[in-house]
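Take a look at the structure set out below.
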Amino acid sequence: MVTLAIAKQTLDDMLRRKVLLILLIVTVGMIAIGPSVSFLSPRESSSILRSLGLAMIMIGGLLITILSSIQVIPTEIERRTIYTVLSKPVQRYEFVLGKFLGGLFTVFVMIAAMGVVFLGVLWYQEKHLAAEMVKGVMLTFFQMMLLGAMAIFFSTFLTPVVNFFVTFAIFIVGNLSSVTESLTNNPNPATKIMANIIHFVLPNFGNFNIQNKLINPTVEISNENVFIMQNIVYALIYSAVLLILAILVFDKREV
Amino acid sequence: MSVATRRKLIMALAPLFLLTILIQHIMDPKIAEIHKGEHTVFSGLSNEFILGPMLGLSQAVAGLLWIRADEFFDSGDYDAILPLVRMVTWLDPHEIDVYITGAWHMSYNFTDSDQRGDRRYIPAAQKLLEEGYENNPTVYDIPFEIGWESSDKMKNYIRAEKWFRIATTLKSQDSSGHATKSAPIFVWHQLAHSLEHQGRIKEALAVWQQALAISNAKLKLNPKDFSTRNLRDTEEHNWEINLKRLYSRYTHEINFAIDRKMTKSFNPQTGQPYPDDAYIFTKGPDAGKPRPAATSNPWNCAFNCHPVFIQPKVLMPNGQFNVGNGARVTIELFDYDWHPEKLTHFTFDIDESQTIMWDQHSVINGKWGRKIDMSRDPTMYSFSRPYYWLVFYFDPRQTSPFIQDKFGWSGEGMTDKHYLWTVKSPIPGAPPDRILQKVYKISRAQVLGLEPITEKDVVPNAVFAKQEGEVFP
Amino acid sequence: MPAAVSIQGLTKKYLDVFNKSEITAVDNLEIDVEEGEIFGFLGRNGAGKTTTIKMLLGLIFPTSGTATVLGHPLGDTATKTQTSYLPENPYFYENMTGWDVMDFYAKLFHISEPVRSKRVKECLEDVHLDPKAWQRPLHGYSKGMLQRIGIAQALINDPKLLFLDEPTSGLDPIAHSELREIIVNVGKKGKTVFLSSHQLPDVELVCSRVAIIHQGKLLTTGTINDLTAGEKVEIRAEGKLNGALEKIKSMADIVEVNDTHIRIPSADERNVTDILDIIRSAKATIIAVMPHRRTLEEVFVDTVLKEGGI
Ligand SMILES: Nc1ncnc2c1ncn2[C@@H]1O[C@H](COP(=O)(O)OP(=O)(O)O)[C@@H](O)[C@H]1O
Ligand SMILES: [Mg+2]
């Protein structure tokens, strides 16, 4: 209950931030003007509409996640609001989880809002519900959950600026999972070891990129739902690992 | 937090982390499958796009690049398009229209001042399409395009047939983009035509029958489908006309049984029962008798030409050919050592030093050959080699049916004193093609008009074929 | 009665990253705070008051030494249901309304509805926050109003022990005295208050006992009475002293004689008996013997000066 109270308070606080609101308006606006790109063949404009829409949701989600997750805990410390919370019967892990969940709820609300606009635009454009896209939006959400957990973990011991660069860099490297995967078979042993470390130790954000399949319905993935479930389980477990680490660090942290 | 709780949490980390590695390991093959054919492109992307692929937004970047390519199409900035095609298909190897548009652009949009295509791009265009097919092996579109360009551009009907056949086995996309429907019926039509162009008429007839069966089945489900009805009528007509031609060109008879079944009983203009007008003499001494097979009347073609470079790089073929108006003679001038690039992968960088000129001229009143001016396009016709092949040929399989009526699909009725040449088909049981061909080997000096072209430069077809066999294995 | 707070040898050292040296913010502190008292924790800026309180609340961890709060060891969450904290210059979630922020804090104490709303209302009333402001976001609040919210949130769980860190700093005189009143009222309800301050008049008015720390070290501790009680005594008498006057003058610095009225404003405690004996033997009447009271400020300055501070 304490965790949820903190999460809800965080969500309320986030939703009142103008930066996030502006971000939401901009991305939603970009998604909505997508249909104006319709001078190509129907197949092309449909795939461009989809890929740009999913990209906007991903970029919007990325910025919202980074802005919220990197800041939540440091802001509490910097503004000393954390004193009034941690001096009450609140366990530190409850605080970390509450802040994480609050950020996650924020991201969820934002991504859901963008997703609804996106589906609406597709509906308006193609006169049928592009239910497949929900999978993409959903995976983006889980990708952002993992990213948020990582940002929270780093925020327990890094300053926001350093955290921003570290998180962003890992996100980029993690997005190249298909590259790192192919490098794990590299004949050069040094490359191979490095690739294996990067591939299996860093979170693989690229796992969640199935736009390829969603934009081009002719690309079939066998057992697609199983794959999506594996992705979600991966995100959940990896996030749990990061949150445990965050809790362990934060528990020893002086505020 | 108590020390015990801390210890428990730390202990939980290892198994959880191992679990993520395990899941990753399970997912890896699927990830490789999803991203098959994708290339990570960083270099060559402009700044505003560079971050996209790094964030896993390859498809979106591909889309934006393709929008830009569209602007270049509008502005006619054709050279800028090919690199974009390369980028886009690397970033998103499932943009079928990009492969097709890119290949079409290479095959058709690069021309000289007289709109003759730059055939140096054809191998690359075909390679691009093949790459597209590898990355999208379930949809018919790209194989169909390969077939189409093989037929229309390369006049390679064997290659066309191979790819049209592949296309018939594949799917087309429904309105939601899923490859669920069978390939459209026009793929079968083109397959049949590619067989007709090889003189394999019985096989072509069989394909028309297949197409008919498909269309009829469709009509049964939806009798009011007018476009299918039209297609069905086309198929019926093509089947019938091929059948008629098969009999009228090669035999004395007409298969009345088939013909009656296929057509109405009476011709509304003559009041005669079908078929009458095409096959039975209605006037003259042979009135009432079936017309003899077209190919049974040897047709003297009297094919020849006396090419002259009237100015440097300006060729006048000066050809003659005893055939009806509209037959088209092909003129090729290309490097002595030219061979179609054996490309292992697609590249849009062509060998600029190559020269290949390809043109077709219609026969008018027994004469053919216009001025071919290659002097205005030095980048396309660099003439940087010492020797060239100059080839003039007529292939009956490339010509229109009313001309084929004189001597059959494969030139069976053609005779010529000098230039008749038989090309064997590699397909077992397929008829050979009898073409008319005159080949010169000329020097750069001759191209530049410094020395005249004489009959001494003529190379026997057998010698050329041997040479060609070496360069076109 | 067990001590509300018992500090034993508490020490906190910070690493000064720039000078690669250690700062001892709190140095081997020993303090006991009894239940029910309003305890003044005095020290100049940087003396180590906030550091001490944060250690007591488990926000930071001591380098050495221990303490118990309400009988529990440091960091015990059970303690926190009965304590509360008003941080120095507190800052609250400024986008939330006064009511919402109180509601949020109440939830952290697992107080559920309908009790929660009642508690929030009571606390806001206790601190005399204008009800019109309850539903306004905190970013529109004045410093005084925010400080009231601060106290109110410290009362929400009806705590046995309150830690108030410089609650009056930065307030205007009226807000200042109102706040003092609120603290006194809290004390009247039998709660223990651990009040850190460098505003001595406040402490003097509300606290029963104080400790003075300087550079992390405890200098002195005691009741206000004990500390302000001086070593000088004022003596007044009536009568003629004649020759005795010289004797008295040798024992006290100032002796004022006005006709028959004698005033010795600051006699040394040790000489008082002797002086009184001389007066009596001179047959003069002793009107008053008044021990000298210092202000807390004087005590503080003296104590810190003795330590070589200031
Ligand atoms: N996090 C910290 N790192 C280093 N030094 C600190 C830190 N916090 C406080 N100090 C130092 O400890 C001393 C005591 O500070 P503080 O407890 O805030 O004093 P007070 O509350 O009495 O004004 C000061 O010298 C201060 O600079
Ligand atoms: Mg302080």
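Quick note on labels: first sequence line is chain A, next is B, and so on, each numbered from 1. What you are looking at is a predicted structure, and each value in this text was computed from that prediction instead of being measured.
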One thing to verify: whether [Y] and [X] come together as a salt bridge, which I'm taking to mean a side-chain N less than 4.0 angstrom from a carboxylate O.
{"X": "C:Lys12", "Y": "A:Glu254", "value": "yes"}
{"X": "C:Arg116", "Y": "C:Asp103", "value": "yes"}
{"X": "A:Asp12", "Y": "A:Arg16", "value": "no"}

Think A:Arg80 forms a cation-pi with C:Tyr91, using NZ or CZ under 6.0 Å from the six-ring centre and within 45 degrees of its axis?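 No, cation not above the ring by the 6.0 Å, 45° rule.
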Counting heavy-atom pairs under 4.5 Å with chain A, which one of C:Asn89, C:Asp100, C:Asn157 comes out on top?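 Top option by heavy-atom pairs under 4.5 Å: C:Asn89.
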Under 4.5 Å from a heavy atom of chain C, the part of [X] involved:
{"X": "A:Arg253", "value": "backbone"}
{"X": "A:Glu76", "value": "side chain"}
{"X": "A:Leu4", "value": "neither"}
{"X": "A:Asp13", "value": "both"}

Exercise: do C:Lys80 and C:Tyr85 side chains pair donor with acceptor under 3.5 Å: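 C:Lys80 vs C:Tyr85: no donor-acceptor pair found between side chains.
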Is it the backbone or the side chain of [X] that comes under 4.5 Å from a heavy atom of chain A, or both, or neither?
{"X": "C:Glu88", "answer": "backbone"}
{"X": "C:Phe104", "answer": "side chain"}
{"X": "C:Thr81", "answer": "both"}

Stepwise salt bridge (Lys or Arg N to Asp or Glu O under 4.0 Å) check, C:Lys217 with C:Asp27: CA-CA 5 Å; C:Lys217 290 196 190 73; C:Asp27 195 352; 3.5 Å; yes
Between A:Leu86, A:Val90, A:Ile82, A:Thr84, the one whose heavy-atom pairs under 4.5 Å with chain C are most numerous: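 Among A:Leu86, A:Val90, A:Ile82, A:Thr84, the one with the most close pairs to chain C is A:Thr84.
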C:Thr11 side-chain N/O to C:Asn28 backbone N/O, donor-acceptor pair under 3.5 Å: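 It does hold such a pair.
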